[in-house]
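One structure below.
In what follows, chains are A, B, ... by sequence order, proteins preceding strands, each numbered from 1.
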2 protein chains.
Amino acid sequence: MQRMTRQRAAVSDLLAGTDDFRSAQQLHEMLKDRGEGIGLATVYRTVQVMADNGDLDVLRNADGESLYRQCASRGHHHHLVCRRCGATVELDAASVEKWAATVGAQHGFTAVEHTAELFGLCAECTARQQSEDS
Amino acid sequence: MQRMTRQRAAVSDLLAGTDDFRSAQQLHEMLKDRGEGIGLATVYRTVQVMADNGDLDVLRNADGESLYRQCASRGHHHHLVCRRCGATVELDAASVEKWAATVGAQHGFTAVEHTAELFGLCAECTARQQSEDS
DNA sequence: CGTCTCATGCAAACGATTCTCACTCTGCCG
DNA sequence: CGGCAGAGTGAGAATCGTTTGCATGAGACG
Ligand SMILES: [Mn+2]
Ligand SMILES: [Mn+2]
Ligand SMILES: [Zn+2]
Ligand SMILES: [Zn+2]
């Protein structure tokens, strides 16, 4: 019921070889550069399906854009993301999980979910930044 | 250099008497209901100025809309928000602060910021939900 | 191959937010 | 008190990421 097409393969391949969070538009651009003809709408649709299947992680950056990434760990986890280049570190955060569960229950809330992401400048982008400033 | 206008007073008053997170559009609607004539763009501008001044907290809901609230504590803190009605509990989260600081440094990131919000159904909305389901 | 569908591409539609610009009103000075 | 400079306002146009409608294309399976 889910067909394998050239376009899906291309998106899937691209994401498999990328370890930074990328927006749908960036992915579309990268595919064009690779010589893959693919419609922007198709990228959006594909990336959404993959996210729904749990094959991709999604997060919103400060501008509200959705960024996608194929993470190594498939279970629930969090991220430390470079806001300049998208470089990402996957994080486990037992303390945060505990906090979320406890606090939600304490206040009588149900179906509690949480978001917890860290954004900063990775070491490389920090260095680049400093040489620019001088 | 910052002038007090009828519109700003109205928005400020409204927020002072509301303790749920609300979108700019909701606020605009509420003001219209109160009989306050005010443009939507003005609500957006006002709410932004107030947020820049640190008078309001902002967060993005799952749909990416910005929600505003005048919090009791003016320092950095987090929230437990009802995704149905906007009811909010302010949270301190020392464990989360510690986690964010530690992890960022460990990976050589600088200028690290974090988001951490809990979304659920408040006790009241949970009850309402269950009676609907039956 | 042929058929049945799901997938694709393009353009139009969306929706929250921002911007433009002519007009209004606040805060201040004389 | 007027009078003015310039911040503030409102209506609508513009943005921009994302979604959708629809005619066309192409997997899967016999
Ligand atoms: Mn978690
Ligand atoms: Mn914090
Ligand atoms: Zn970086
Ligand atoms: Zn509620």
Side-chain angles (χ1 to χ4, degrees), chain A residues 1-15 20-53 55-69 81 83 86 115 117 119, chain B residues 1-15 20-53 55-69 81 83 86 115 117 119:
Chain A
M1 123 151 245
Q2 177 99 326
R3 292 179 184 170
M4 182 48 54
T5 64
R6 175 180 59 80
Q7 291 87 337
R8 278 186 193 172
V11 172
S12 193
D13 271 20
L14 175 56
L15 282 159
D20 305 338
F21 269 95
R22 296 289 177 221
S23 70
Q25 310 218 29
Q26 287 178 321
L27 294 171
H28 179 239
E29 200 60 36
M30 294 165 80
L31 288 165
K32 202 191 305 180
D33 292 349
R34 277 195 178 192
E36 287 286 352
I38 181 172
L40 178 56
T42 301
V43 175
Y44 273 104
R45 279 186 287 236
T46 303
V47 111
Q48 239 159 24
V49 169
M50 294 178 74
D52 288 348
N53 293 348
D55 298 327
L56 292 183
D57 267 29
V58 195
L59 61 78
R60 302 289 190 89
N61 70 10
D63 299 328
E65 297 176 330
S66 294
L67 306 181
Y68 301 87
R69 177 176 195 268
V81 183
R83 72 182 136 245
T115 65
E117 308 291 345
F119 295 94
Chain B
M1 123 150 244
Q2 176 100 321
R3 293 179 182 170
M4 182 49 53
T5 64
R6 175 180 60 79
Q7 292 86 337
R8 276 185 192 170
V11 171
S12 193
D13 271 20
L14 175 56
L15 282 160
D20 305 338
F21 269 95
R22 295 289 177 220
S23 70
Q25 311 220 29
Q26 287 178 319
L27 294 170
H28 180 240
E29 201 59 37
M30 292 166 81
L31 287 166
K32 203 190 303 180
D33 291 349
R34 276 194 178 192
E36 287 285 351
I38 181 171
L40 177 57
T42 300
V43 175
Y44 272 105
R45 279 186 291 239
T46 303
V47 111
Q48 239 159 22
V49 169
M50 294 178 74
D52 289 348
N53 293 347
D55 297 328
L56 292 185
D57 267 28
V58 195
L59 62 79
R60 303 287 191 90
N61 69 11
D63 299 327
E65 297 176 330
S66 294
L67 305 181
Y68 301 88
R69 178 175 194 267
V81 183
R83 72 182 135 245
T115 63
E117 308 291 346
F119 296 93

### Task
For residues A:Ser66 and A:Val58, report the shortest heavy-atom separation together with the two atoms involved.
CB-CG1, 4.1 Å

### Task
Mind calculating the distance between NE2 (B:His28) and P (C:dG15) to the nearest angstrom?
17 Å

### Summary
Among the nucleotides D:dG27, C:dG27, C:dG9, whichever has the atom closest to the side chain of A:Arg3 is D:dG27

## Note on the structure
Among the nucleotides C:dT17, D:dG8, C:dA7, whichever has the atom closest to the side chain of B:Arg8 is D:dG8

### Message
What's the separation between atom CD1 in A:Ile38 and atom OG1 in A:Thr5, rounded to the nearest 0.5 Å?
### Response
7.5 Å

### Phosphate contact (C:dT8 OP1 or OP2) by A:Thr5 side-chain N/O below 4.0 Å
yes

## Note on the structure
Here the gap from A:Leu14 atom CG to A:Tyr68 atom OH, rounded to the nearest 0.5 Å, amounts to 14.0 Å

### Rounded distance in Å - CD (A:Gln2) to C1' (C:dT8)
14 Å

### Query
Do side-chain atoms of B:Ser12 reach the backbone of B:Arg8 as a donor and acceptor pair under 3.5 angstrom?
no

#### Entry: Whole angstrom value for the distance that separates C1' of D:dG12 from CG of B:Leu40
12 Å

### Message
With a 4.0 Å limit, can you tell me whether A:Thr42 has a side-chain N or O closer than that to the phosphate oxygens OP1/OP2 of C:dA7?
### Response
no

### Task
Could I get the full list of ring pair (Phe, Tyr, Trp, His ring centres under 6.0 Å) partners for A:Phe21, not counting sequence neighbours?
A:His79

### Message
Nearest whole Å is fine: how far is C:dC10 P from A:Ile38 CD1?
### Response
11 Å

### Task
Mind calculating the distance between NZ (A:Lys32) and C1' (C:dG9) to the nearest angstrom?
14 Å

### Task
On DNA chain C, check which nucleotide each of A:Gly37 and B:Leu67 is closest to and give me the residue with the more 5' one.
A:Gly37

### Task
Classify the nucleic acid contact of A:Gln48 as base, sugar-phosphate or nothing, counting any heavy atom under 4.0 Å across all strands shown.
sugar-phosphate

### Message
Return whichever of A:Ala41 or B:Arg60 has its heavy-atom-nearest nucleotide of DNA chain C closer to the 5' end.
### Response
A:Ala41

### Task
Scan for salt bridge (charged side-chain N to carboxylate O under 4.0 Å, His left out) pairs involving residues 57-69 of chain A, sequence neighbours excluded, and state none if there are none.
A:Arg69-A:Glu90

### Task
Check whether any side-chain nitrogen or oxygen of A:Gln7 sits under 4.0 Å from OP1 or OP2 of C:dG9, and answer yes or no.
yes

## Note on the structure
Rounded to whole Å, the CE-C1' distance (A:Met4 to C:dT5) equals 17 Å

### Task
Drop me the distance from A:Leu40's CG to A:Leu31's CG, to the nearest 0.5 angstrom.
10.5 Å

### Query
When only distance counts, do a donor and an acceptor, one from the side chain of B:Arg45 and one from the base of C:dT18, lie under 3.5 Å apart?
no

### B:Asp63 CG to C:dC14 C1', straight-line distance once rounded to whole Å
14 Å

### Message
Nearest whole Å is fine: how far is D:dT15 C1' from A:Glu65 CD?
### Response
13 Å

### Message
What's the angle between the local helix axes at either end of the helix from C:dC1-D:dG30 to C:dG30-D:dC1, using five pairs per end and rounding to 10 degrees?
### Response
30°

### B:Gln25 vs C:dG15: side-chain N/O to OP1/OP2 distance below 4.0 Å
no

### Task
Grab the two heavy atoms, one from A:Val81 and one from A:Leu59, that are nearest each other, plus how far apart they are.
CG2-CD2, 4.0 Å

### Task
Give one of base, sugar-phosphate or nothing for B:Ser66, where a contact means two heavy atoms less than 4.0 Å apart.
sugar-phosphate

### Query
Counting side-chain heavy atoms from C-beta on, which of D:dG12, D:dA26, C:dT17 comes nearest to B:Tyr44?
C:dT17

